[in-house]
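Because the structure is predicted, anything quoted here is derived from the model rather than measured. Each chain gets a letter, A, B and so on, in the order the sequences are listed, and its residues count up from 1.
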Protein chains: 2
Amino acid sequence: MARPQKFDRKKVTEKARDLFWKKGYNAVSVQELAQEMGISRSSFYNSFADKDTVFDEVVASYMPISPCAPLEHLKPGDPVIPAIKKMFLDICKNKVVDPEAKGCLMVNNIAGLDQNNAPMKDILQKRMQDIIELFQSVLVRAVGQGELSPEKDLKAIAMYLITLQAGLCLLSKVCPDETMLCSIAEQGFHVFED
Amino acid sequence: MARPQKFDRKKVTEKARDLFWKKGYNAVSVQELAQEMGISRSSFYNSFADKDTVFDEVVASYMPISPCAPLEHLKPGDPVIPAIKKMFLDICKNKVVDPEAKGCLMVNNIAGLDQNNAPMKDILQKRMQDIIELFQSVLVRAVGQGELSPEKDLKAIAMYLITLQAGLCLLSKVCPDETMLCSIAEQGFHVFED
DNA sequence: ATAATTATAGACAATAGTGTACAAAACCAT
DNA sequence: ATGGTTTTGTACACTATTGTCTATAATTAT
């Protein structure tokens with residue numbers, strides 16, 4: 001009945017994701033964005049309300065490839081602490097091999113967050129909350145499985161882990177040395193000890 | 001003999017610092033920068049080579065007010081570990097009271113770093129190196145004063161501390177809750193234990 | 001095939017940003 | 001007070017970016 005879109009929304013959103021990832025929300029103009037997405041500005045304005053809307057979809061498309069995604073797929077009974085440690089060491093490994101050293105989309109854009117941009121702040125806060133809850137839920141399981149002392153403050157550890165993760169992603173942008181990054185992560189693992 | 005500058009270079013650099021701090025290097029145009037500095041663009045181009053040059057001076061002017069500045073003034077014999085802990089708790093306290101939630105100038109701009117901008121990358125890497133060395137030097141003293149086991153990998157702990165600090169500064173932008181931030185820092189202090 | 005509907009191309013006017021260039025202004029050593 | 005020197009104001013030509021608007025293109029239900 002109506003003319004169909006020439007582009008695949010998912011694909012162009014991934015293009016947008018990579019651009020926002022590399023340059024950050026503020027440094028990307030709508031012009032550049034549309035160009036990178038491979039669509040005209042008119043198509044852009046027609047299909048997306050504005051930069052914010054795209055960014056929201058972009059963050060959603062980042063989640064499955066974010067460093068903590070593997071924790072989502074942890075099955076009951078799977079050892080938790082080793083999975084968390086592996087996640088950190090994978091960050092050290094993976095961030096270093098990116099020739100563009102983009103770091104983490106979330107970290108980069110929280111750092112560049114303009115507090116006057118309420119929608120952006122909202123998007124980022126909500127996603128961070130989700131990640132904290134993910135960490136917390138796996139930590140609960142760790143305690144249940146006897147991997148972690150029940151004395152621990154799980155909320156605090158969850159937030160600590162996301163803090164450490166953010167710090168590591170940041171460091172990777174100026175210190176692309178896997179060994180060094182891993183030694184940082186190892187220091188951070190003291191938190192699991194009794 | 002020659003017409004003197006109408007502006008105080010130090011003062012306008014501080015204005016520039018606050019703008020770069022709040023918005024990040026990439027999001028600041030020369031036009032806006034000059035305006036915020038209170039000088040005309042012609043004065044700007046006349047007195048500063050370019051944005052990069054200003055940014056270099058800006059970072060220099062940030063160091064004395066950066067979160068780790070207090071460690072510079074530690075005297076021999078002063079307890080080190082308590083000073084480091086205090087530094088972290090001060091970050092939690094201070095970042096929260098900033099209504100603009102600017103976070104940390106260094107963290108923000110490393111996150112927004114475009115790897116193609118070699119001069120910027122260089123400026124930021126060098127400063128990070130300085131901070132790591134500062135941490136390391138006070139940790140050496142901590143060991144000397146019996147505050148820390150000589151078994152510890154001081155370089156790794158130094159980098160860990162800067163990582164944690166970066167993470168905290170980042171978190172403060174989306175979680176302006178002092179108690180929460182402090183509980184994160186407390187978790188991080190496990191690194192000092194035997 | 002046609003009508004209805006939506007996507008896209010292209011143009012538009014307006015604003016913002018770039019770096020440079022030149023003349024006017026302001027100082028101070030002599 | 002004048003000359004030499006540097007700052008500063010203004011203007012320039014140029015490019016980038018914005019959001020909107022209109023005409024054309026592409027589809028499908030009937």
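For the pair B/Ser42 and B/Pro4, both in contact range of DNA chain C, the more 5′-proximal nearest nucleotide belongs to B/Ser42. Comparing B/Phe7 and A/Val28, the nucleotide of DNA chain D nearest to each residue sits closer to the 5' end for B/Phe7.
A/Asp18 contributes atom CG, which lies 10.5 Å from atom OH of A/Tyr62 (distance to the nearest 0.5 angstrom). Taken to the nearest 0.5 Å, the CE atom of A/Met120 stands 9.5 Å off from the CD1 atom of A/Ile110.
Here the C1' atom of nucleotide D/dT15 and the CD atom of A/Gln35 are 14 Å apart, to the nearest Å. For the pair B/Lys51 NZ and C/dG17 P, the computed distance is 11 Å after rounding to whole Å. One can place CD of A/Gln31 at 13 Å from C1' of C/dT15, the figure rounded to the nearest angstrom. Counting to the nearest Å, the P atom of D/dT18 and the CZ atom of A/Phe48 are 16 Å from each other. What separates CG of A/Asp52 from C1' of D/dT18 is a distance of 15 Å, to the nearest Å. For A/Leu33 and D/dT17, the CG to C1' distance is 13 Å, given to the nearest whole Å. Here the C1' atom of nucleotide D/dG19 and the CD atom of A/Glu32 are 18 Å apart, to the nearest Å. Rounded to whole Å, the distance from CG on A/Asp50 to P on D/dT20 is 11 Å.
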Please assess B/Asn117 against B/Lys121 for the test side chain to side chain contact (heavy atoms under 4.5 Å, CB included), listing each intermediate value before the final yes or no.
CA-CA 6 Å; B/Asn117 190 340; B/Lys121 187 173 178 181; over 6 Å; no
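Between B/Asp130 and B/Lys126 there is no salt bridge, since no side-chain N of the basic residue sits under 4.0 Å from a carboxylate O of the acidic one.
Across C/dA9, D/dT20, C/dT8, the shortest atom-to-atom separation from the side chain of A/Gln5 is found for C/dT8. Taking the side chain of A/Asn46 as heavy atoms from C-beta on, and the options D/dT18, C/dT18, C/dT8, the nearest nucleotide is C/dT8. Among the nucleotides D/dG19, C/dT8, C/dT18, the one closest to the side chain of B/Arg41 is C/dT18. When distances run from any side-chain atom of B/Tyr45 to the nucleotides D/dT8, C/dG19, D/dT20, the shortest one goes to C/dG19. Which of C/dA9, C/dT20, D/dT20 sits closest to the side chain of A/Lys6 comes down to C/dA9.
A/Ser40 has a side-chain polar atom (N or O) that falls below the 4.0 Å cut-off from OP1 or OP2 of C/dA9.
The residue A/Phe44 sits apart from the nucleic acid: no heavy atom pair falls under 4.0 Å.
B/Thr53 and B/Asp50 form a side-chain donor-acceptor contact under 3.5 Å, judged by distance and modelled atom types alone.
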